[in-house]
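Worksheet: one structure, shown below.
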Amino acid sequence: MAPIPLLEPCLRGNEQRYLAEAIARNEIAQGAFVERFEREFAAYVGSRYAVAVASGTAAIHLALCVLDVEPGDDVLCPTLTFVATANPILYLGARPWLIDSERETWNMDPDLVLRILKARRPKAVIVVHLLGHPANMEPIMEACDRYGVPVIEDAAESLGAKAYGRHVGTFGKLGCFSFNGNKIITTGGGGMVVTDDADLATRVRHLSRQARLPGVEYRHDVVGYNYRLSNVAAAIGCAQLEQLPAFLKRKREIAAVYDEYVYNGPAWAQPSFWLYTAQTHDRDALIATLAAEGIESRPLWTPLHRLTMFTGYGPVAEDLFAHAVSLPSSVSLTEKEQLRVMYPVAA
Ligand SMILES: *Cc1c(COP(=O)(O)O)cnc(C)c1O
């Protein structure tokens, strides 16, 4: 039987047409699709500004830069996340302060954030919306606002998810998204920074293009980065964004079948179900059983505090990691394939 991948991109919209347009106009690196992708993306999530960048990791790096995170600063972030959330903290010589998960959402525990802010004043907090499920933004924002600590949202996995009726990525000072190959929409590789703050948007844009000043003499006022998104990638992004509502509908249908009933998470959350992940009794046995039938599944990321570059502790994250299995969740997954995932042992 045909193998079932964990996540594969779906390129059945205007991707070819827009790419052909970009090529016909000879606009590969720069061109009209970048500005259009930014404008349409900002309108979709409901933020004032969007700056397209080369990756989700670049988006987080630039968000930390414009909040002036410097060597020796503390930055809070969850321990249960993909390493790209925390690596940019290390790029800047700052110190990641890893926070455990809460049981209900698997995301950063708001009570722990409040407790730490009572004792310490980090330079920033990075909240991650994992697997398509929003973090509990209301108590997190309340705690951070009370102590005047800016929030960056890593919404790389959760474009289209909402908390309290509002798109993830629009609660904090800056929101970061990824268009890597397996994300809900893809540009082959890319990212976006959103913000309502004109000054921060200008600074992100400036840093993403080598901090070059206007004029022909190639003058630069600070150390910048080559983090722009190409027009070719943005062309694919525009086509993908058009399909996002249909992708979300399909992700929610897939989740409802895996759940065998309607989602019963917290009432304030509207997940996107980017990657459906189940708690199991025997994680490795399930992964092996599925693999024997050509079905790709995988555990969560090793909690960051277990990696050599980080320190910390997180018993809830460890427990989630020990039991969770991510299941095939491509929008192209057929009903028959999904039944093969749910009942993998051949009769
Ligand atoms: C994918 C991802 C990123 C990084 O995005 P890239 O585009 O791959 O650089 C960051 N954080 C999380 C949680 C991710 O899943």
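Both backbone and side-chain heavy atoms feed into the values below; hydrogens, waters and symmetry mates do not. Counting starts at 1 for both ligands and their atoms, following the listed order. Each residue takes its place number in the sequence, starting with 1.
Heavy-atom contacts of A84 reach the following atoms of ligand 1: 3 (C), 4 (C), 10 (C) (cutoff under 4.0 Å). The contact set between ligand 1 and T85, taken as ligand atoms under 4.0 Å from a residue heavy atom, comprises 11 (N), 13 (C). Interface of T81 with ligand 1, defined as ligand atoms under 4.0 Å from a residue heavy atom, comprises 13 (C). For ligand 1 and G56, the ligand atoms under 4.0 Å from any heavy atom of the residue are 5 (O), 6 (P), 7 (O), 9 (O). Listed by number with element, the atoms of ligand 1 under 4.0 angstrom from any heavy atom of S55 are 7 (O), 9 (O). Numbered from 1 in the order shown, with element, the atoms of ligand 1 that lie under 4.0 Å from a heavy atom of G190 read 7 (O).
Of all non-hydrogen atoms in E157 and S272, the two that sit nearest each other are O-OG, 4.2 Å. Heavy atoms only, all atoms of each residue included: L320 and L300 are closest at O-CD1, 4.0 Å. Listed here is the closest heavy atom pair of L333 and P328: CD2-O, 3.6 Å.
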- Walk me through it: do Y164 and N136 pass the test side chain to side chain contact (heavy atoms under 4.5 Å, CB included)? CA-CA 9 Å; Y164 304 96; N136 194 351; 2.5 Å; yes

Show, in sequence, the C-alpha distance, side-chain angles and deciding distance for V151 and F171, and conclude whether the side chain to side chain contact (heavy atoms under 4.5 Å, CB included) test is met. CA-CA 8 Å; V151 170; F171 288 82; over 6 Å; no

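Between D154 and ligand 1, a contact under 3.5 Å exists for at least one N or O pair. For F179, no nitrogen or oxygen atom sits less than 3.5 Å from a nitrogen or oxygen atom of ligand 1, counting backbone and side chain alike. Polar contact check, T57 against ligand 1: a nitrogen or oxygen pair lies under 3.5 Å apart.
Residue contacts with ligand 1, taken as heavy atom pairs separated by less than 4.0 Å, do not involve L130 at all. Of all the heavy atoms of A156, the ones lying under 4.0 Å from any atom of ligand 1 belong exclusively to the side chain.
Taking the ring axis of Y18 as reference, the NZ or CZ atom of R36 stays within 45° of it and closer than 6.0 Å to the ring centre.
Compare E157, M192, H61, K183 by their heavy atoms: the one nearest to atom 1 (C) of ligand 1 is in K183.
Taking the six-membered ring wherever Trp is involved, the centroid distance between the rings of F273 and Y258 does not fall below 6.0 Å. You'll find the ring centres of Y225 and Y91 outside the 6.0 Å limit.
Looking only at heavy atoms of the protein, atom 8 (O) of ligand 1 is closest to N180 ND2, 3.5 Å.
A donor atom on one side chain and an acceptor atom on the other are found under 3.5 Å apart for E153 and H129.
Taking 4.0 Å as the cut-off, C176 does not count as a neighbour of ligand 1 on heavy-atom distance.
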